Amino acid sequence: EDKVVQSPLSLVVHEGDTVTLNCSYEVTNFRSLLWYKQEKKAPTFLFMLTSSGIEKKSGRLSSILDKKELFSILNITATQTGDSAVYLCAVKVSNAGGTSYGKLTFGQGTILTVHP
Amino acid sequence: DTAVSQTPKYLVTQMGNDKSIKCEQNLGHDTMYWYKQDSKKFLKIMFSYNNKELIINETVPNRFSPKSPDKAHLNLHINSLELGDSAVYFCASSGWTSGGYNEQFFGPGTRLTVL
């Protein structure tokens, strides 16, 4: 069974701190790894990673994938209270026929709390 | 102008009742999904439809029945509701972005509480 594990499960920091969120996976037919941010409502897309070693960056957030060691990290520098959310990692897999139709297997999420 | 919308946003009902949740997307996507998020925030796929055809059917009780009248709509009907069905149900649709990747867009969620 496909498995995605995130750590830590929760993290409390102060504004200005840098945090690293981890995601490891064991899946068959890996296609891509995605990071989402979930505040009060729906998850919103952050990054999609398909190739090892290529960093994706958006403002203070960055992420990288290691397909050999089967993990990804999400870094947030100079955290702000608005970064408080659940961060979800998901892996997209292909089915036996080689198509995926976008099936995502999610990790359990990391709850990040940033105090002023 | 909401991309993926769900109704209702909140649903409180008694055990044993039958209820439906509706989902609509105006993004022109071919693929739609239903996810269940439990109290521990674990998001798990239930079903997926591509062009009105069921393509993913994870292990869920057969009290849950999705219906896709057209590719812009995917509804979820639940029979004989149980306490364990209490969760937030998210609808999503997927399509190609201008950045060249296939992204899933989530609806706002329906919080179902079974008493």
Side-chain angles (χ1 to χ4, degrees), chain A residues 1-6 8-11 23 27 29 31-51 54 56-58 63 65 84-113, chain B residues 2-6 9-10 23 25 27 29-60 68 71 74 87-111:
Chain A
E1 188 179 328
D2 295 336
K3 197 171 161 188
V4 178
V5 177
Q6 292 184 243
L9 293 182
S10 66
L11 193 51
C23 176
V27 302
N29 302 316
R31 283 177 68 99
S32 57
L33 185 144
L34 296 90
W35 284 97
Y36 286 85
K37 178 182 181 182
Q38 185 175 23
E39 296 174 87
K40 287 195 170 43
K41 298 266 183 162
T44 52
F45 175 81
L46 293 174
F47 298 111
M48 185 175 87
L49 303 146
T50 53
S51 302
I54 299 175
K56 291 273 178 104
K57 207 167 162 62
S58 175
S63 183
L65 173 67
S84 296
V86 178
Y87 289 83
L88 297 165
C89 171
V91 173
K92 185 183 284 190
V93 300
S94 301
N95 62 16
T99 57
S100 69
Y101 294 115
K103 178 184 171 184
L104 294 179
T105 298
F106 280 85
Q108 70 273 56
T110 294
I111 302 171
L112 174 65
T113 305
Chain B
T2 306
V4 183
S5 59
Q6 295 178 227
K9 287 197 167 57
Y10 299 95
C23 178
Q25 54 96 1
L27 297 165
H29 291 163
D30 288 340
T31 311
M32 295 183 72
Y33 312 80
W34 276 110
Y35 287 87
K36 178 180 179 182
Q37 188 171 45
D38 61 24
S39 56
K40 294 182 181 172
K41 298 290 187 185
F42 195 38
L43 198 62
K44 190 157 185 197
I45 190 163
M46 301 171 70
F47 302 103
S48 178
Y49 272 72
N50 182 265
N51 268 322
K52 302 196 296 175
E53 182 185 341
L54 181 66
I55 51 169
I56 295 173
N57 186 355
E58 295 294 293
T59 308
V60 298
S68 182
K71 71 175 194 177
L74 180 61
V88 181
Y89 291 84
F90 285 100
C91 176
S93 72
S94 66
W96 293 96
T97 68
S98 57
Y101 42 77
N102 194 279
E103 180 184 334
Q104 285 193 21
F105 294 83
F106 285 81
T110 295
R111 182 175 292 278

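Naming convention: chains lettered A, B, ... in sequence-line order (proteins, then strands); numbering from 1 in each chain. A quick note: this is a predicted structure, and the numbers were derived from the prediction, not measured.
Scored by the salt bridge (charged side-chain N to carboxylate O under 4.0 Å, His left out) test, E53(B) finds no partners at all (sequence neighbours excluded). Qualifying salt bridge (charged side-chain N to carboxylate O under 4.0 Å, His left out) partners for K71(B), counting only residues two or more places apart in sequence or in other chains: D30(B). Looking at residues two or more places apart in sequence or on another chain, you find a side-chain contact (heavy atoms from CB on, under 4.5 Å) between L9(A) and Q108(A).
Side-chain contact check for C23(B) versus M32(B): some heavy-atom pair is nearer than 4.5 Å. Within the 4.5 Å cutoff, the side chain of K36(B) has no heavy atoms near those of the W34(B) side chain.
The backbone N or O of N50(B) sits nowhere less than 3.5 Å from a side-chain atom of T31(B) that would complete a donor-acceptor pair. For Q6(B) (side chain) and G109(B) (main-chain N/O), a donor-acceptor pair under 3.5 Å exists by modelled atom type.
Contacts of L88(A) with chain B are made by side-chain atoms alone, with heavy-atom separations under 4.5 Å and no backbone atom involved.
The most heavy-atom pairs under 4.5 Å with chain A, out of K9(B), K44(B), E58(B), come from E58(B).
Of residues 35-42 of chain A, those residues with a non-hydrogen atom less than 4.5 Å from any non-hydrogen atom of chain B are, in numerical order, Y36(A), Q38(A), K41(A), A42(A).
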